[in-house]
K.L.:
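Have a look at this one.
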2 protein chains.
Amino acid sequence: MKSNNTEAQYDASRYRTPDGYTSDIAVFTITSEQTKAYAPPKMVLKLMLIQRAEHDTEGNPNIESGKWALPGGFVTPEETACAAASRELEEEAGIAGIHLKQFGVYDQPGRDPRGWIISNAHYAIVPEYRLSERKASDDAVDVELFSVAELSEQVLAFDHKNIIQDALTHITRDLLQTTVAKQFLPEMFTYSELQAVLLTVTDDKAIQNDQAFARKIKSLPFIEAVKGQKTQRTSKLPTQLYRFIDAEVKQSIYTARH
Amino acid sequence: MKSNNTEAQYDASRYRTPDGYTSDIAVFTITSEQTKAYAPPKMVLKLMLIQRAEHDTEGNPNIESGKWALPGGFVTPEETACAAASRELEEEAGIAGIHLKQFGVYDQPGRDPRGWIISNAHYAIVPEYRLSERKASDDAVDVELFSVAELSEQVLAFDHKNIIQDALTHITRDLLQTTVAKQFLPEMFTYSELQAVLLTVTDDKAIQNDQAFARKIKSLPFIEAVKGQKTQRTSKLPTQLYRFIDAEVKQSIYTARH
DNA sequence: CTAATAGTGTCTGTTAGACACTATAGT
DNA sequence: ACTATAGTGTCTAACAGACACTATTAG
């Protein structure tokens, strides 16, 4: 290991220091298409990308311009990358107080032609209605939502294709193994709404099957039926509403069914 | 979002850049005490820490000296943090080719008195026998293994207490939800050896119960019995050996038993 | 009445959990 | 013979998966 010096004697020139530290954000949303009245929604998982402008605010040519990229920006020494991500989201899209999770660091030499730039990647879960006011900004000419299928056809800036792939892996795992699904749902939801969220990332037969899932939801320790609360937004038949409750979910591949 | 410039016009002074990028490693091992012959081992999960020296190689006082800390060091622009971790492990302890996983980034302002230093944290799984040659190095006066219980009594350098807490959370989850347990075990192992590994991080009744676990291991899709292979290292009775096989393990809290 | 979604009744096969029991081999 | 570990026999209750069926209500 290399030696460390004290604060006073610390000599930065002995080590090369990074040329930048950025925070990138994979903003996920689930779009609900109400195909017709009194029916469960068709849900699709989408990722928000920005198209990089030709020039920045000062008229200088922008690197990787024209390509689609994850939103993000430089982190300052007074904040964590997660705080920076939160700030960026608020500044750019007016979205505050949403679920953010760090999932990876990208530091492959040469990943950014501008120099040694370390990217700390997060994913965000934004309910669809909060994306309404999205807009282009300084160095983005366009902002758009892409489904997973559409993503693979796009040319993406830097190593964002890798980052997005990892983001998808992480959100899929988290949706199925934790209770983050609630971030996509209203406070109270029907079994078919939860089912639709999960089906955006899995094709598990037990989740696809309506009757099985309607039965299962009642025995999940981290979800409770809200007594007397019904809705007709997914069916003509008034339907039971559920909510997530705080309950520890621990699981092991050595004890589960296979 | 702040604007980006092209390579030519990139002006580093517009953004403050980090004062350093380090890679820290939580080196986990499981010590097996052979309490007596023909018995399963008693296993304990331990973490390797170094005690920071008073002075570095050049005789300058070392920061946070005397405190216990995670091994690690500065990352260079020609490598990823993971590669740096691997290099550090090899340089310091002569350990190569072991399981390494990135689990978190630490960038809280003020976490390191020397400046804006970002730490990329990894955990490593090292089988006990490979730690035999461990030694003190340049800026470590001592190297020692600590059990989880002992860790909470130690004064740790920087924010390493947090990092270690997160490392424990991650390795616990990975041991129970992935097949990394195999990194602690020989190629072929008995049910009681696997059981002992898992019991270092869980108190799950279904895993504690010998008969239940001996039955369960035979139906796990990612483990197979090795025909005709038996050992007497855990029992007088020749005992079936198992091995991990490559099998996708996907699971969801919405389909498992509770 | 029809169509669509929500939800139940019921059967079957599998498994978890518990407990008693057998099997083996070194000392 | 004793002891510690490995492993089986067997029962019960719970649950998954399948399929048929009922319930409700807007149009």
Side-chain angles (χ1 to χ4, degrees), chain A residues 32-43 188-196 199 202-221 223 225-242 250-258, chain B residues 32-43 188-196 199 202-221 223 225-242 250-258:
Chain A
S32 298
E33 258 181 65
Q34 200 71 36
T35 46
K36 51 184 177 259
Y38 305 105
K42 303 291 173 218
M43 294 190 178
M188 292 188 285
F189 49 89
T190 67
Y191 85 91
S192 59
E193 288 169 334
L194 172 57
Q195 187 188 21
L199 289 178
T202 186
D203 56 0
D204 190 312
K205 291 281 169 59
I207 293 176
Q208 280 180 334
N209 184 307
D210 292 349
Q211 289 109 14
F213 197 72
R215 272 224 175 81
K216 187 74 187 181
I217 196 172
K218 290 189 284 190
S219 66
L220 295 174
I223 289 179
V226 189
K227 266 196 198 166
Q229 290 291 310
K230 306 223 170 196
T231 184
Q232 278 183 287
R233 66 178 177 249
T234 64
S235 152
K236 292 164 185 172
L237 177 60
T239 304
Q240 180 61 55
L241 284 167
Y242 297 86
K250 42 176 163 176
Q251 254 200 282
S252 137
I253 57 173
Y254 298 99
T255 53
R257 265 168 187 262
H258 288 282
Chain B
S32 298
E33 258 181 65
Q34 200 71 36
T35 46
K36 52 185 178 259
Y38 304 105
K42 303 290 173 221
M43 294 190 179
M188 292 189 286
F189 50 87
T190 67
Y191 85 91
S192 60
E193 289 169 332
L194 172 57
Q195 187 188 22
L199 289 178
T202 186
D203 55 0
D204 189 311
K205 291 280 168 58
I207 292 176
Q208 280 179 334
N209 184 308
D210 291 349
Q211 288 108 19
F213 197 72
R215 271 225 175 80
K216 187 75 187 181
I217 197 172
K218 290 189 285 190
S219 66
L220 295 175
I223 289 180
V226 188
K227 266 195 198 164
Q229 291 291 310
K230 306 223 169 195
T231 183
Q232 278 183 286
R233 66 180 179 249
T234 64
S235 151
K236 293 165 184 169
L237 178 60
T239 304
Q240 180 62 55
L241 285 167
Y242 297 87
K250 41 177 164 176
Q251 255 200 281
S252 137
I253 57 174
Y254 299 99
T255 54
R257 265 168 189 263
H258 288 283

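Throughout, a chain's letter reflects where its sequence line sits, starting with A, and its residues are numbered from 1.
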K.L.:
Do A:K218 and A:Q240 have side-chain heavy atoms sitting under 4.5 Å apart?
P.N.:
no
K.L.:
Can you tell me how far P of D:dA6 sits from CZ of B:F189, to the nearest Å?
P.N.:
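After rounding, the reported distance stands at 14 Å.
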K.L.:
Quick check against the 3.5 Å criterion: does B:S219 have a side-chain atom that pairs as donor or acceptor with the backbone of B:K216?
P.N.:
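Looks like yes, one N/O pair under 3.5 Å.
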K.L.:
Would you kindly give the CZ-to-P distance between B:F213 and C:dA18, to the nearest whole Å?
P.N.:
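Between P of C:dA18 and CZ of B:F213: 16 Å.
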K.L.:
Over how many whole Å does the gap from A:D210 atom CG to D:dA20 atom P extend?
P.N.:
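Rounding to the nearest Å, CG of A:D210 and P of D:dA20 are 16 Å apart.
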K.L.:
Using whole Å, report how far CZ of B:R233 lies from P of D:dT5.
P.N.:
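Whole-Å distance recorded here is 15 Å.
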K.L.:
From A:K250 NZ over to B:T202 OG1, what is the distance, rounded to the nearest 0.5 angstrom?
P.N.:
6.0 Å
K.L.:
Looking at the base of D:dG9, is there any donor atom on it, or on the side chain of B:R215, that sits under 3.5 Å from an acceptor on the other one?
P.N.:
yes
K.L.:
Looking at the side chain of B:Q211, which of C:dA20, C:dT24, C:dG17 is the nearest nucleotide?
P.N.:
C:dA20
K.L.:
Report the distance from atom CG of A:N209 to atom P of C:dT5, rounded to the nearest whole Å.
P.N.:
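Distance, rounded to whole Å: 15 Å.
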K.L.:
Taking the minimum atom-to-atom distance to the side chain of B:Y38, which one of C:dA6, D:dT5, C:dG26 wins?
P.N.:
C:dG26
K.L.:
Closest nucleotide of DNA chain D for A:P238 versus for B:A214: which of these residues is on the 5' side?
P.N.:
B:A214
K.L.:
From NZ of A:K236 over to P of D:dT22, roughly how many Å is that when rounded to an integer?
P.N.:
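Atom NZ in A:K236 sits about 20 Å away from atom P in D:dT22.
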K.L.:
Under 4.0 angstrom, heavy atoms only, what part of the nucleic acid is B:T234 near: base, sugar-phosphate, or nothing?
P.N.:
sugar-phosphate
K.L.:
DNA chain C: B:K205 or B:A37, which has the more 5' nearest nucleotide?
P.N.:
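That would be B:K205.
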K.L.:
Just to be sure I understand the rule, does A:A206 reach a base, reach only the sugar-phosphate, or reach nothing, if contact means heavy atoms closer than 4.0 Å?
P.N.:
sugar-phosphate
K.L.:
Respond yes when some side-chain nitrogen or oxygen of A:Q232 is under 4.0 Å from OP1 or OP2 of D:dA26, and no when none is.
P.N.:
yes
K.L.:
Considering only side-chain heavy atoms of A:S235, which listed nucleotide, C:dG26, D:dC19, C:dT5, is closest?
P.N.:
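My answer, after comparing the listed nucleotides, is C:dT5.
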K.L.:
Take the protein atom NZ of B:K216 and the nucleotide atom P of D:dT8, then report the distance between them rounded to whole Å.
P.N.:
16 Å
K.L.:
From C-beta outward on A:S192, which listed nucleotide comes closest to its side chain: C:dA6, D:dT5, D:dA20?
P.N.:
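For the A:S192 side chain, the nearest candidate turns out to be C:dA6.
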K.L.:
Within less than 4.0 Å of OP1 or OP2 of C:dG7, is there a side-chain N or O belonging to A:K218?
P.N.:
no
K.L.:
By nearest atom, which of the nucleotides D:dA6, C:dA25, C:dG7 is closest to the B:P40 side chain?
P.N.:
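Comparing D:dA6, C:dA25, C:dG7 against the side chain of B:P40, the answer is D:dA6.
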K.L.:
Using modelled atom types and a 3.5 Å cut-off, is there a donor and acceptor pairing between side-chain atoms of B:Q229 and backbone atoms of B:Y242?
P.N.:
no
K.L.:
Please work out if B:A39 contacts a base, only the sugar-phosphate, or nothing of the nucleic acid, heavy-atom cut-off 4.0 Å.
P.N.:
sugar-phosphate
K.L.:
Got A:Y191 and A:D210 here, is their nearest side-chain heavy-atom distance under 4.5 Å?
P.N.:
yes
K.L.:
Would you kindly give the CG-to-P distance between A:L237 and C:dT8, to the nearest whole Å?
P.N.:
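Going from CG in A:L237 over to P in C:dT8 covers 10 Å.
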K.L.:
Is any side-chain heavy atom of A:L199 less than 4.5 Å from a side-chain heavy atom of A:Q208?
P.N.:
yes
